[in-house]
Structure formats: structure tokens, C-alpha cells
Amino acid sequence: MKQLTVSQTSLRSKRYKWLFWLVIIAVIYIWGITGVQFTGIKDSAGEVSRSIAYGIFHPDWKYVYDGSGEDLVSLILQTIAMAFLGTFISAILSVPFAFWAARTGKPRFHIRSTSGKLVLTLIRTFPEIVLAIMFIKAVGPGSFAGVLAVSIHSIGMLGKLFSESIENMDFGPSEALMSSGGNRSQTLVFATLPTVLPEFLSYTLYRFEIAVRSASILGMVGAGGIGTPLLFAIQTRTWSRVGIILLGIIITVTLIDFISGTLRKRLV
Amino acid sequence: MNIVPTRTFAQKYHVKTIAWLTLFVLLVIGTAKMTGVDFVMFFANFGQFVVLLQQMAKPDWQYTSLVVQPILETIQMALIGTTVGTLVAIPFSVLAARNIVKNKFLRGIIRFILNLVRTLPDLMLAALFVAIVGIGPVAGVFTLAIFSFGMISKLFYEAIETIDEGPLEALQAAGANKTQLVVFAVIPQVFNYFVSYFLYTFEINVRASTVLGYLGAGGIGVYLQRSLDQFAYGQTAIIILGILVVVLIIDGVSNTLRERLL
């Protein structure tokens, strides 16, 4: 008898728990919907989307290559180059950050590793376009500013992934070296780095895939690559130009993802 | 009899490693040429960069009250965008799952569409939607909806593919049709994963939505662009600090909820 009442109350509390979450979710959504007024949609929206669709299916093929250096192929190559070089620099810069942030002991709070993780979070949250604008102020508009923006911004994510792979690595080799009298730098070079290198490379390739996507939009603020002509084409409403650039980006990203995915499978 | 292991010529002289390394060095040099890397200029102009950082190091605290409303608008955009994207993604993810749809052709088409959507960068979508629906948060909502649709449908169909086949077979044996199968065998198994992935996508969308306004798609990005255009770096600093605080809070809340779910 007593047991029955217990189960009834626990059932009731479960029902109220559902209700509780439901009310919270409802309140959040009501707040969310009040914030965005859907009345501001332009009357021309349908017409514009039709012309965009027309442009995408009738791309401006002449733009693909005209030998001027300002055509699709050269700018896409420039975008990939920005992503490649940026990721490369970033991977080198990320290694010290990763060792800074990696927690190899047990305690939950550790001044070195916690501060390192905080710095990486700060870098990750700093918007990449703002970085690009800051570098444009320093080195002028162009793809070099884009390279710098990619290389600094990527540290946030690469450093985090690298430090996690250091935390999860197999300590056998480094312990073996230490017990046979290797000093710290020898342990680092002959045990730690070889153990984590494949994972580092795999993460770098993964980040390269992301960098290609972000490099293709950095041009929108003037940091080189395909983004500049894309924004220009959207603003001047030359939809056939937009169509060919979109096609170019889609093909490039798909190809890069495929190549990098194949390489990553062979690595790990 | 001991046999000394012999190495081939390629192994002895590390031909493969050297080839990869040479290719890599050539790529680095080539890309550096192509992007006009000039570190001499970079270090010569480094002073300007430091000046900029110094200006940012003096945040304009009075600007804080003006920033709160647009930051909230950013979260609202991310919330609605992620929800719309998720709702659209659910049917697509069911159709793309290997264990639900046995028709290879249909699955292939759906996956091809999803892959195409995922290749589009967020800011590019924002520029397109600003051109379609006009300047304002609605463009941001559309952008985030498409962006999260691509991401979440992949996460969802991968979750569906990992479910336990037992309940599916049991229901099939009892004569259930496709809809009943999805409602009573698939959804109960993947519900927690779905909520967790939804929260994860929401985190990413909050990050992404903070810059969408740069192209006119609403939220804090509009103010970001204004402050950068006016060289008011003290205000930029406040905005970035605000974004940081919001991202940290959202990440913290979402991580706690996800840990409780899984």
C-alpha cells in the first residue's frame, strides 16, 4: 500500500517535471518569436529569388577563365592558397598553445592548463572577419591579410583539438624513454611528437576543409579570394555571375573535402 | 641462422617521405607567392596593428547599454533559425538514413542535396538572403535555418543509422507500416541525440549569427560593422566582449544540458 503511494507521487513529480520543461521552452520560444518581426520582407522577394534561380541555372561561363588573373579559376586557386598557407602557419603556432592548454594530471583546475584553455576560447570567439579587418589595416587589402586572419583564428580550434589529443595520448613511449634516462626534450622529440603527429595532421587537414569555406567569404571584407567578386556580383545583381561563382565554390569545397577525407582515412 | 632484414632502395633512402616533403615545401612556397605574403611589410607595419590593439584595449563602457538589445536579437535569430532548420531537417534525415530507406537511388539524391547545402558558407548565404528579403533579422533567420539544416540533417541521419535494429524488426514483424516504424521504434531511440545535436547546432549558430549582421542580416553584427567603419575601436571591443560573454554562457548552459541528456 505504502509502495503504491510512493510510486504515485514519483509519477506525479515526473509529470510536473515535463510540465516544468514545457513551460520553460514555451517561454523561451515566445520571447524568441517576439524578437524577430517577419513583416519586413520585401515585396520583390519572390521575383529576386526567381532571378537568382535563373542565374544559377544559366551561369556566366565566360567568367571561368579569361587569363586576366581576375577570373574564377585564378581567384578560387588564390582562395585555396590562402586556406592552405593559413592552416599551415596556424598548425605550427598551435603546437605550443596545445602543450600550454593540455591537462596531463588529474586535478580539475590547473593554473597552466586552465589559463591556456581560456586563451584558446578567447581566440576562437574573436570573429574572423574582425581579425581580417584588423590585418587589412596593417598590411593593406589583399589575400595576405586573409592568410593572417586564417592563421590566427584557426589557432583557437586547432589548439583545442591538439591539446585534447595530447591529453588522450598513450604515455607508454614517453614513460619508457624517461625511465631509460631520456631528458625532457628527448622525450618530447622521440616519444610525444611521434605519438601525436598523425592525429595533429588529421586535425590540420580537417581544419583546412573549414578554412577553405571561411577563406571564400573573407573577400567580402576585402581580404582577397573569391569573396570580393561574389559580394560585388550580389550587390550589382548580376545573378549569372553569382551562379558561376556559387558553382565554383560548391565544386571546390566538395573536391577539397573529398581529397582531405581520403587522406585523413589513411592517416588514422 | 639469423637473417638480416633488408630494405628496398625506396625504404633505405626514405624516397616517399622526401617526395611528400618536397611537394609540401613547393606548395608552401607556391601559395606564399600566390597570396603575396610579405612578412617584411608585416613587421614594418606591425606598429599600426599594435596601435589598433591598444585602442581596443580601452573599451568604451558607456556603449554597453546600447549593445544588450542587439545581442538578445542575435540569440533570438539563432533560436528561430536553428528551430526552423531542425524541423526541415528531420524528414530529410529520415529519408537519408540507410536503415530506414532501402532505396539507394532516393537516398543518394537526398544525400547529394544535403552535401550541396553544407558546402555553402554562412556569410555567403547571408549576402544572398539580404538581397532577397531585405536588410534585417529575417535574412539572418533564413541564413541560419539553411545553415543549420545542412549540418543537423547529417548529424541526425548518422544518429538514426546507429540505432538498435531490434525494435524495428519487432514492429515490422507485428505488421507496422513505415510511419508507425519511425514514430514508435526510431524516435524513442534517437530523441536524446536529437536534442543534444540541436543544442550543439544552436551553440554554433549563436557564434555564426554574431557576424551575419556585418552584411545587414540583423543582430549585433550590424553594430560591429558600424563601429569598425567609424574607427570606434573602443565600441568594437565592447561588442566583442559582449559576444564572448554570450557565447560562454550559451556554451555552458548547452554543455550542462547535453551532459544530462546523454
Side-chain angles (χ1 to χ4, degrees), chain A residues 28-29 31-38 40-42 44-45 48-49 52 77-78 80-82 84-85 88 121-122 124-130 133-135 137-140 142-144 146-148 213-214 216-217 220-221 224 227 230-231 234-235 237 242 246 249-254 257, chain B residues 24 27-28 30-38 41-42 45-49 52-53 56 72-73 75-80 83 115-116 118-124 127-128 130-138 140-141 207 210-211 214-215 218 221 224 228 236 239-240 243-244 247-248 251:
Chain A
I28 291 175
Y29 273 101
W31 170 75
I33 289 169
T34 52
V36 185
Q37 258 83 41
F38 279 86
I41 300 180
K42 281 197 294 190
S44 57
V48 174
S49 15
I52 290 179
L77 281 178
Q78 193 187 49
I80 300 174
M82 276 162 61
F84 179 83
L85 199 60
F88 171 66
T121 311
L122 285 177
R124 232 182 7 258
T125 328
F126 202 94
E128 197 171 18
I129 343 180
V130 179
I133 292 166
M134 288 169 69
F135 281 121
K137 295 261 187 324
V139 298
S143 43
F144 183 33
V147 171
L148 291 172
R213 286 176 170 81
S214 60
S216 67
I217 49 182
M220 288 183 166
V221 294
L230 176 63
L231 190 65
I234 291 176
Q235 278 168 351
R237 290 163 192 255
V242 175
L246 277 183
I249 292 178
I250 289 174
I251 293 171
T252 313
V253 171
T254 313
D257 282 7
Chain B
F24 193 75
L27 270 176
V28 169
T31 51
K33 274 236 170 73
M34 202 186 269
T35 51
V37 167
D38 186 352
M41 176 177 67
F42 175 63
N45 290 341
F46 198 71
Q48 284 183 18
F49 191 71
L52 227 161
L53 278 180
M56 278 197 173
L72 289 178
E73 188 184 72
I75 302 175
Q76 289 167 325
M77 269 163 52
L79 181 72
I80 308 221
T83 313
N115 283 335
L116 282 191
R118 265 204 312 284
T119 57
L120 302 172
D122 47 359
L123 269 182
M124 200 179 70
L128 275 180
V130 166
I132 295 173
V133 301
I135 289 172
V138 180
V141 170
R207 272 165 209 260
T210 53
V211 290
Y214 199 87
L215 296 171
L224 189 65
L228 283 168
T236 312
I239 294 171
I240 290 172
I243 293 176
L244 182 72
V247 166
L248 285 181
D251 280 15

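The figures here come from the full heavy-atom set of this structure, side chains too, leaving out hydrogens, waters and symmetry mates.
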- Task: Kindly determine whether B:Tyr214 and B:Leu228 satisfy side chain to side chain contact (heavy atoms under 4.5 Å, CB included), including the steps that lead there.
- Result: CA-CA 10 Å; B:Tyr214 199 87; B:Leu228 283 168; 4.1 Å; yes

- Is there a side chain to side chain contact (heavy atoms under 4.5 Å, CB included) between B:Leu215 and A:Leu231 once you walk through the steps? CA-CA 10 Å; B:Leu215 296 171; A:Leu231 190 65; 4.0 Å; yes

- Task: Start with the C-alpha gap between A:Ile250 and B:Leu116, add the side-chain angles, then the distance that decides, and say whether side chain to side chain contact (heavy atoms under 4.5 Å, CB included) holds.
- Result: CA-CA 7 Å; A:Ile250 289 174; B:Leu116 282 191; 3.3 Å; yes

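Ranked by heavy-atom pairs under 4.5 Å with chain A, the list B:Lys33, B:Met41, B:Met124, B:Met77 is led by B:Met124. In terms of non-hydrogen atom pairs under 4.5 Å with chain B, the most contact-rich of A:Met134, A:Gln235, A:Arg237 is A:Met134. Taking chain A as the reference chain and counting heavy-atom pairs below 4.5 Å, the highest number among B:Ala32, B:Ala131, B:Gly218 is found for B:Ala131. For the set A:Thr34, A:Ile80, A:Thr252, A:Ile133, the count of heavy-atom pairs under 4.5 angstrom toward chain B peaks at A:Ile133. Chain B forms more heavy-atom pairs under 4.5 Å with one residue of A:Thr254, A:Leu85, A:Ile234, A:Val48 than with any other, namely A:Leu85.
In this structure, chain A has a heavy atom under 4.5 Å from the side chain of B:Ile80, while its backbone stays farther away. When heavy atoms are compared at a cutoff of 4.5 Å, A:Arg124 approaches chain B by way of both its backbone and its side chain. With a 4.5 Å cut-off on non-hydrogen atoms, B:Val141 touches chain A through its side chain but not through its backbone. Proximity to chain B is limited to the side chain of A:Ser216, based on heavy atoms less than 4.5 angstrom apart. If you measure heavy-atom distances from A:Leu148 to chain B, the contacts under 4.5 Å come from the side chain alone. Interface remark: A:Leu230 contributes side-chain atoms only to the contact with chain B (heavy atom separation under 4.5 Å). B:Leu72 touches chain A through backbone and side chain together, each having a heavy atom under 4.5 Å away. At a 4.5 Å heavy-atom cutoff, the contact between A:Leu246 and chain B is made by side-chain atoms alone. For A:Met220, the part lying near chain B is the side chain, with the backbone staying farther off; criterion is any non-hydrogen pair under 4.5 Å. Proximity to chain A (any heavy atom under 4.5 Å) is shown, for B:Leu27, by both the backbone and the side chain. With a 4.5 angstrom heavy-atom cutoff, B:Leu52 touches chain A only via side-chain atoms. For B:Leu128, the parts lying near chain A are the backbone and the side chain together; criterion is any non-hydrogen pair under 4.5 Å. Proximity to chain B (any heavy atom under 4.5 Å) is restricted, for A:Val147, to the side chain, taken from C-beta onward. Interface residue B:Phe42: backbone and side-chain heavy atoms are both found under 4.5 Å from chain A. For B:Leu244, the parts lying under 4.5 angstrom from a heavy atom of chain A are both the backbone and the side chain. Residue contact with chain A, scored on non-hydrogen atoms closer than 4.5 Å, involves the side chain of B:Val247 exclusively.
Judged purely by atom type and a 3.5 angstrom limit, B:Asn45 uses its side chain to pair as donor or acceptor with the backbone of A:Ala138. Without hydrogens or angle criteria, A:Ser143 side chain to B:Thr35 main chain gives a donor-acceptor distance under 3.5 Å.
Here the closest heavy-atom approach between residue A:Ser49 and residue B:Ile132 is recorded as OG-CG2, 4.1 Å. Nearest heavy atoms, B:Glu73 versus B:Pro137: OE2-CG, 3.9 Å. For B:Met56 against A:Phe126, the heavy-atom pair with the smallest separation is SD-CZ, 4.4 Å. B:Leu79 and B:Thr83 get closest at one heavy-atom pair: O-OG1, 2.6 Å.
Salt bridge annotation for A:Asp257-A:Arg213: present, with a cationic side-chain nitrogen under 4.0 angstrom from a carboxylate oxygen.
Counting heavy atoms from C-beta on, the side chains of A:Val130 and B:Leu224 come closer than 4.5 Å. Inter-residue side-chain proximity for A:Ile217 and A:Ile129 is flagged as unmet; no heavy-atom pair is nearer than 4.5 Å.
One distance of note links CD1 of B:Ile243 with CZ of B:Arg207; it measures 11.0 Å at 0.5 Å rounding.
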